[in-house]
There are 2 protein chains.
Amino acid sequence: MNSSADRPSDGTQLPSRQVASELRSAIASGDLPPGAKLPSERALAAKYGVARNTAREAIRLLTDEGLVTAHHGKGVFVREKRRLLRFGSERYSHSLRNETGLSPYRAEVAKQGRTARVDCTSIERVQPPEDVAERLGAAPAEPSVVRRENWYYADDDPVQVGVTYIPWEIAEGSVLATSAKMGKGSLYARFEELGHPITRIREEVSARMPTHEEATGLSIPDGVPVLDVLHTGIDHLGRPFEVTRFVMRADLTGLDYTMPVED
Amino acid sequence: MNSSADRPSDGTQLPSRQVASELRSAIASGDLPPGAKLPSERALAAKYGVARNTAREAIRLLTDEGLVTAHHGKGVFVREKRRLLRFGSERYSHSLRNETGLSPYRAEVAKQGRTARVDCTSIERVQPPEDVAERLGAAPAEPSVVRRENWYYADDDPVQVGVTYIPWEIAEGSVLATSAKMGKGSLYARFEELGHPITRIREEVSARMPTHEEATGLSIPDGVPVLDVLHTGIDHLGRPFEVTRFVMRADLTGLDYTMPVED
DNA sequence: GCCAGCAACTGGCTCAAGCCACTTCACTGG
DNA sequence: CCAGTGAAGTGGCTTGAGCCAGTTGCTGGC
């Protein structure tokens, strides 16, 4: 994908790139608006005088750029630019928790006229992965944690997964360790009752291609990356009390943080 | 990439996925450690009794997952998991600006024993794109802005691009509008002198596959997404005074924010 | 009028073969 | 000793062929 790889040393583009370029500019110009169907692979091949495999390769390039998606048996379509669901620091806001009965996730999804669903698929007691243990703080005297796995849907499309790790000494005896239902005010209200009001958060954000498992689990189309957010909840005494790893489809979701510049 | 697409309806995996799986687990198990060279396409084809194209397709799957990278003429190698350069809110910290002479970017790169370089490639007066104008606030009486384009390198690898937009009324007459060199304390020190100390930031984060241009410009390997950060600087009076769009290679960089939960 | 089933379309995947371009290295001849 | 050349290996890309598997719509039988 270097410029040197685009051309076979004379000035001409490679056939597959050439076809891809044509389609790309047709999309950019609006000749192929979002939702439009591309010519079939066989039609493209005929039109540009290349093998079907070459037309196919051109489509693959566009797929990898996230411009189009293919549907087996139906055709290849220009991807709709859906507005992103944006999540940020207000996700944890105390007032927002009390005012609207809705969780921030539900609120954001509702804002786009879609219907939200959150499933807690498992609650177990486990040993935390290394990076999580690290962020939960030094003392691994009792290193076991409660692991809660949550799946988030919008209109039945899986949108993100969150895996929360809570030190056993905190979760022990509370609904955190046992129940999928969190009750009024949800997760962070429970932490507050247990003496851990969330006052600071740390969010380590990466982007990468999904693993095989994530791609199938979140039914992520080809050419769509994920946002990988390692979130740490910190209480009023500066103690980390919870770590969550979010894996989010990057074509449906984004982040929106606003914060003071501290000094 | 659905599970249904992995198998041709009897239980057997497709050949390409099969080969990919074998390689994937060899990588996971450490048989193929980071930096190791995979067998050549022709060797894989022979070993698994498939066509070279099929072996090639298997490697493509791994490339798309970001597990391996190919080097023309040399071979295919397991990608090194390089520690990410992490950027966060302290990027704008006043004290950090004064204590170390280094810019936050240089500091983070130096921390990994690499050498940083920042090039300001262009300074122009332009009309801002719509999303930028929106974030710079309502009054588009004098809608023109100074556009500064900065390229960031680590050991001569291009790592990210930042395009900063500054309202003309702010930049006018200052080095912001004219000079690539920012002087002591760099960009945000100049804003402070002009009556706009940076006190809040907003960061809208997305991830996506790079465009064709970005892929070539940042020499991004196949299968690596970018982080797209739309950053807004806000002064003590709540006025946005600068918007920067960062496009960052996601295999080399990440974000690390820590912020209070506000109420 | 309905619906089962077929035909014709779509993309998904594989094959076998060939040529090109980059890399490495050993072997030349100066 | 060195520079130059060329062979052998690598991935990059294309061809043209074939079969499979979803999708759609028509058509003929009931």
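Convention: sequence-line order gives letters A, B, ...; per-chain numbering from 1. Please read all numbers here as calculations on a predicted model, not as lab measurements.
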Between S16(B) and dT14(C), is there a contact of a side-chain N or O with OP1 or OP2 at under 4.0 Å?
yes
Listing request: all salt bridge (charged side-chain N to carboxylate O under 4.0 Å, His left out) pairs with a residue in residues 71-80 of chain B, at least two apart in sequence or in separate chains.
none
Only counting residues at least two apart or in another chain, list the ones meeting salt bridge (Lys or Arg N to Asp or Glu O under 4.0 Å) with [X].
X	answer
R245(B)	D131(B), D228(B)
R86(A)	none
R117(A)	D119(A), D156(A)

Interatomic distance, [X] [atom1] vs [N] [atom2] [rounded to whole Å]:
X	N	atom1	atom2	result
R60(B)	dT14(C)	CZ	P	11 Å
L44(A)	dG12(C)	CG	C1'	16 Å
L14(A)	dC22(C)	CG	C1'	14 Å
E57(A)	dT14(C)	CD	P	15 Å
N53(B)	dT15(D)	CG	C1'	10 Å
F77(B)	dG11(D)	CZ	C1'	11 Å
Q18(A)	dC13(D)	CD	P	15 Å

Here the ring pair (Phe, Tyr, Trp, His ring centres under 6.0 Å) pairs for residues 19-72 of chain B, sequence neighbours left out, are H71(B)-F77(B)
List every contact pair, protein side and nucleotides 9-11 of chain C side both N or O, where the distance is under 3.5 Å.
{"residue": "dT10(C)", "atom": "OP1", "partner": "S40(A)", "partner atom": "OG", "Å": "3.2"}
{"residue": "dG11(C)", "atom": "OP1", "partner": "E41(A)", "partner atom": "N", "Å": "3.4"}
{"residue": "dG11(C)", "atom": "OP2", "partner": "E41(A)", "partner atom": "N", "Å": "2.9"}
{"residue": "dG11(C)", "atom": "N7", "partner": "R42(A)", "partner atom": "NH1", "Å": "2.8"}
{"residue": "dG11(C)", "atom": "N7", "partner": "R52(A)", "partner atom": "NH2", "Å": "3.4"}
{"residue": "dG11(C)", "atom": "O6", "partner": "R42(A)", "partner atom": "NH2", "Å": "3.1"}
{"residue": "dG11(C)", "atom": "N2", "partner": "H72(A)", "partner atom": "NE2", "Å": "3.1"}
{"residue": "dG11(C)", "atom": "N3", "partner": "H72(A)", "partner atom": "NE2", "Å": "3.2"}

Look only at the side chain of S219(B) and the backbone of T216(B), and say whether a donor-acceptor pair between them is shorter than 3.5 Å.
no
